[in-house]
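Beneath this line is the structure, given in structure tokens, with notes to follow.
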Amino acid sequence: MSLKVYNTFTRTKEPFETIDPGKVRMYVCGVTVYDRCHIGHARAYVAFDVIQRYLRWRGYDVTYVRNFTDVDDKIIKRSNEAGVPVSELTDKNIVAFHEDMEAIGVARADIEPRVTDHIPQIVAMVQTILQRGHAYEAGGDVYFDVTSFPGYLQLSGRKLDDMQAGAGERAGAPDATPESPAVVPIDATEPLKRHPLDFALWKAAKPGEPAWDSPWGPGRPGWHIECSAMSSQYLGEVFDLHGGGMDLIFPHHENERAQSWAATGKEFVHTWMHNGFVNVDSEKMSKSLGNFFTIKDVIARFHPESLRYFLLTTHYRSPINFTDGAVEDAENRVEYLYETVQAARALLERTPCDSNPIETEAAKERMQLAMDDDFNSAATLALVADAGRRLNDALTMKGKGIQKAEAVATALEMLDDLGAILGLCQRDPEEVLAGIRERKLARNGLDRALIEGLVADRIAARVAKDWAKADVLRAELSGMGVVLMDGPEGTRWKVA
RNA sequence: GGCGCCAUAGCCAAGCGGUAAGGCAGAGGUCUGCAAAACCUCCACCCCCGGUUCAAAUCCGGGUGGCGCCUCCA
């Protein structure tokens, strides 16, 4: 059994082999901190969080680097609009990023470097690239010369000639008008470039922009160079995994690859991994369509773990369609799992018992089989469903105290093992269940005090064996979307 | 115009040559004062047409229909 990973570069699933035995060095492109994170970011970082967790479970010594890009055009624009210093804006968004990620169970990376803390390394790399003849200076800018790298566009599988042909075609796109062409001619904004695909390694500062001294005058890094510089600093010139969203394949990763090659003469990444996009109601998520959701907004309406569960229901490379209904479904599953875990823990507290190692080992092997197949979280979720069912099955076993406790302990351990990899079922059941209930009440515009009053009335009716009245109250609550569960230890209720 | 991805039950979604995981919904059942929850059972031959093979949802060719990237973007 071996781990297989899909490599964007070779377009195939390959047996995973590390450069150094037992060690994985991975770099995932982090966020540009000009705004709050959206659910697309959630998908990417949940995907790589699971990958990182699984690699560690597999016994690899993982070094995970995920950067913050804290200087770029959008940040400068946003800071000017808001009238706040760049550093204030970026600091604030980094804090927000950590809040969002913590909420959805994404662990911090081992190293989270900021671009502005690595300007000397970036300048040094640009110098090296210039010295090796793969870049040129023009008016305080430094551009990468794409024609100097024979392997350019190999990652994205394009051809230089096609790219140029495409640019002309796109300029005539339907939404273009003479006043505002769909595509700004590249030469208009960066007239000093020799080739349209050449890209800036270093940008001369315009008045009022953040700037650092350099051999080419005051300026700042271009978009792609930071990842080449920081990855090599923390992971070495060559490392195992490099990930990010599909959209980064071109130009970002293509350009990173070119720069790193130009600086070292080496292919710097062994395996390229890219996650698919989040669509909203089957359309691409975008601010102009009004279907743009931040993580913060979504987790106010749905429990953060529901979002995480939802994101794991589809393989990380496929597109996933975000709809309220899909997240609600996920939330119901999360609720089911935590109710089950809660009951199991209560039972094991009364009757402590060890699990059956033969069965838990077999379960681990099934998990490994699923996850070894390019981190197939959707297939792994089928195992979660199986563990949940086994657990409930054991919980409802009649008699046989010890036998029952062992069955419960065994199934609970299976669920725990799976949850540890997927980042599910790791929280306090009470809190999660309460969090889900509050959100469901809010979504349905229900008043908790009112419901609790009706539930109390019904309990009284049942005690008096006034079944007719009890049923009327049940119907009333049912009409509100509240379901009642009468059990030996009382009546519980929840929002459907 | 170039490059690429996808098409599996009412819905979502695994599957990567050996005879269709899982979830939701639905039907029946156990349990229950009635219910709910939970559990059990049932529920598809994989967009179309050719081809390769003993064997194809899975490979190849051709259609049809979605989508993405080529521009800031996870």
Salt bridge (charged side-chain N to carboxylate O under 4.0 Å, His left out) partners of [X], counting only residues at least two apart:
X        : result
A:Asp145 : none
A:Glu413 : none
A:Arg439 : none
A:Arg158 : none

| said: I need the full list of salt bridge (charged side-chain N to carboxylate O under 4.0 Å, His left out) pairs touching residues 34-52 of chain A, with sequence neighbours left out, sorted by first then second residue. | reply: A:Asp35-A:Arg78, A:Asp35-A:Lys287, A:Arg36-A:Glu99, A:Arg36-A:Asp100, A:Asp49-A:Arg53, A:Asp49-A:Arg308
Counting only pairs under 3.5 Å, give me each side-chain donor-acceptor contact of residues 374-387 of chain A, with atom names and distances, residues two or more places apart or in other chains.
residue  : atom : partner  : partner atom : Å
A:Asp374 : OD1  : A:Tyr6   : N            : 3.1
A:Asp374 : OD1  : A:Tyr316 : OH           : 2.8
A:Asp374 : OD2  : A:His315 : NE2          : 3.3
A:Asp374 : OD2  : A:Tyr316 : OH           : 3.3
A:Asp374 : OD2  : A:Arg317 : NE           : 2.9
A:Asp374 : OD2  : A:Arg317 : NH2          : 3.0
A:Asn376 : OD1  : A:Ala378 : N            : 3.3
A:Asn376 : OD1  : A:Ala379 : N            : 3.0
A:Ser377 : OG   : A:Leu312 : O            : 2.8
A:Thr380 : OG1  : A:Asn376 : O            : 2.9
A:Asp386 : OD1  : A:Arg389 : NH2          : 3.4

Checking all strands, does [X] fall into the base, sugar-phosphate, or nothing category for heavy-atom contacts under 4.0 angstrom?
X        : result
A:Gly40  : base
A:Lys284 : base
A:Lys494 : nothing
A:Ser156 : sugar-phosphate
A:His38  : base

Sticking with atom [atom1], work out how far [N] lies from [M], rounded to a whole angstrom.
N     : M     : atom1 : value
B:A27 : B:C43 : C1'   : 8 Å
B:U58 : B:C6  : C1'   : 15 Å
B:G23 : B:G61 : P     : 36 Å
B:C69 : B:G26 : C1'   : 40 Å
B:A14 : B:A44 : C1'   : 14 Å
B:G29 : B:G22 : C1'   : 22 Å
B:C45 : B:C40 : P     : 25 Å
B:G63 : B:C24 : P     : 41 Å

| query | Judged by modelled atom types alone, do A:Thr491 and A:Asp486 share a side-chain donor-acceptor pair under 3.5 Å? | reply | yes
Both distances under 3.5 Å, Watson-Crick or G-U wobble: report the partner of [N], or none.
N     : value
B:G50 : B:C60
B:G68 : B:C3
B:C31 : none
B:G17 : none
B:G26 : B:C42

| remark: Under a 4.0 Å heavy-atom criterion, the protein footprint on nucleotides 28-35 of chain B, written with B, S and -, is -----BBB
| Heavy-atom contacts under 4.0 Å between residues 271-281 of chain A and RNA chain B, which residues? | A:Asn275, A:Gly276, A:Phe277, A:Val278
Considering only side-chain heavy atoms of [X], which listed nucleotide, [options], is closest?
X        : options             : answer
A:Met246 : B:A74, B:G68, B:A38 : B:G68
A:Lys74  : B:C70, B:A14, B:C72 : B:C72
A:Ala44  : B:C69, B:C39, B:A74 : B:A74

Polar pairs (N or O, both sides) under 3.5 Å between protein and nucleotides 20-27 of chain B?
residue : atom : partner  : partner atom : Å
B:G23   : O3'  : A:Arg333 : NE           : 3.4

Length of the line joining [X]:[atom1] and [N]:[atom2], which is rounded to integer Å:
X        : N     : atom1 : atom2 : value
A:His315 : B:A74 : NE2   : P     : 20 Å
A:Phe97  : B:A74 : CZ    : C1'   : 10 Å
A:Leu391 : B:A37 : CG    : C1'   : 14 Å
A:Arg317 : B:C16 : CZ    : P     : 13 Å
A:Gln342 : B:A37 : CD    : C1'   : 13 Å
A:Lys404 : B:C39 : NZ    : P     : 14 Å
A:Lys4   : B:C16 : NZ    : P     : 11 Å
A:Gln154 : B:G4  : CD    : P     : 14 Å

| request: Please answer whether the main-chain N or O of A:Arg458 pairs with a side-chain N or O of A:Lys469 as donor and acceptor at a distance below 3.5 Å. | output: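 Answer holds: no.
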| message | Tell me the closest heavy-atom pair linking A:Pro304 and A:Ile299, and the distance in Å. | response | CA-CG2, 3.6 Å
| query | With distance as the sole criterion, do the side chain of A:Lys13 and the base of B:C16 form a donor-acceptor contact below 3.5 Å? | reply |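 Between B:C16 and A:Lys13, which were checked side chain against base, a qualifying N/O pair under 3.5 Å is present.
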| query | A:Phe199: what forms a ring pair (Phe, Tyr, Trp, His ring centres under 6.0 Å) with it, not counting sequence neighbours? | reply |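 Checked A:Phe199 against ring pair (Phe, Tyr, Trp, His ring centres under 6.0 Å); matches are A:Phe144, A:His224.
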| Under 30°, 30 to 60°, or over 60°: which ring-plane class applies to A:His242 and A:His253, parallel, tilted or perpendicular? | perpendicular
| said: Over 60° means perpendicular and under 30° means parallel, so tell me whether A:Tyr27 and A:Phe239 are parallel, tilted or perpendicular. | reply: tilted
| said: Are more than 12 heavy atoms, taken from residues, nucleotides or ligands other than A:Gln154, located less than 6.0 Å from that residue's CD atom? | reply: yes
| field | side chain to side chain donor-acceptor pair (under 3.5 Å) partners of A:Lys284, counting only residues at least two apart | value | none
| query | Atom CZ in A:Phe48, atom NE2 in A:His274: separation rounded to 0.5 Å? | reply | 7.5 Å
| A:Lys159 side chain N/O closer than 4.0 Å to the phosphate oxygens (OP1, OP2) of B:C70? |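 It does not, given that no N or O in the side chain of A:Lys159 lies less than 4.0 Å from OP1 or OP2 of B:C70.
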| field | cation_pi(A:Arg437, A:Trp493) dist<6.0 Å, angle<=45 | value | yes
Check the interface with nucleotides 56-59 of chain B: list each N/O to N/O pair with the protein under 3.5 Å, or write none.
none

| request: Assess the pair A:Phe68 and A:Phe97: is the distance between their ring centroids shorter than 6.0 Å? | output: yes
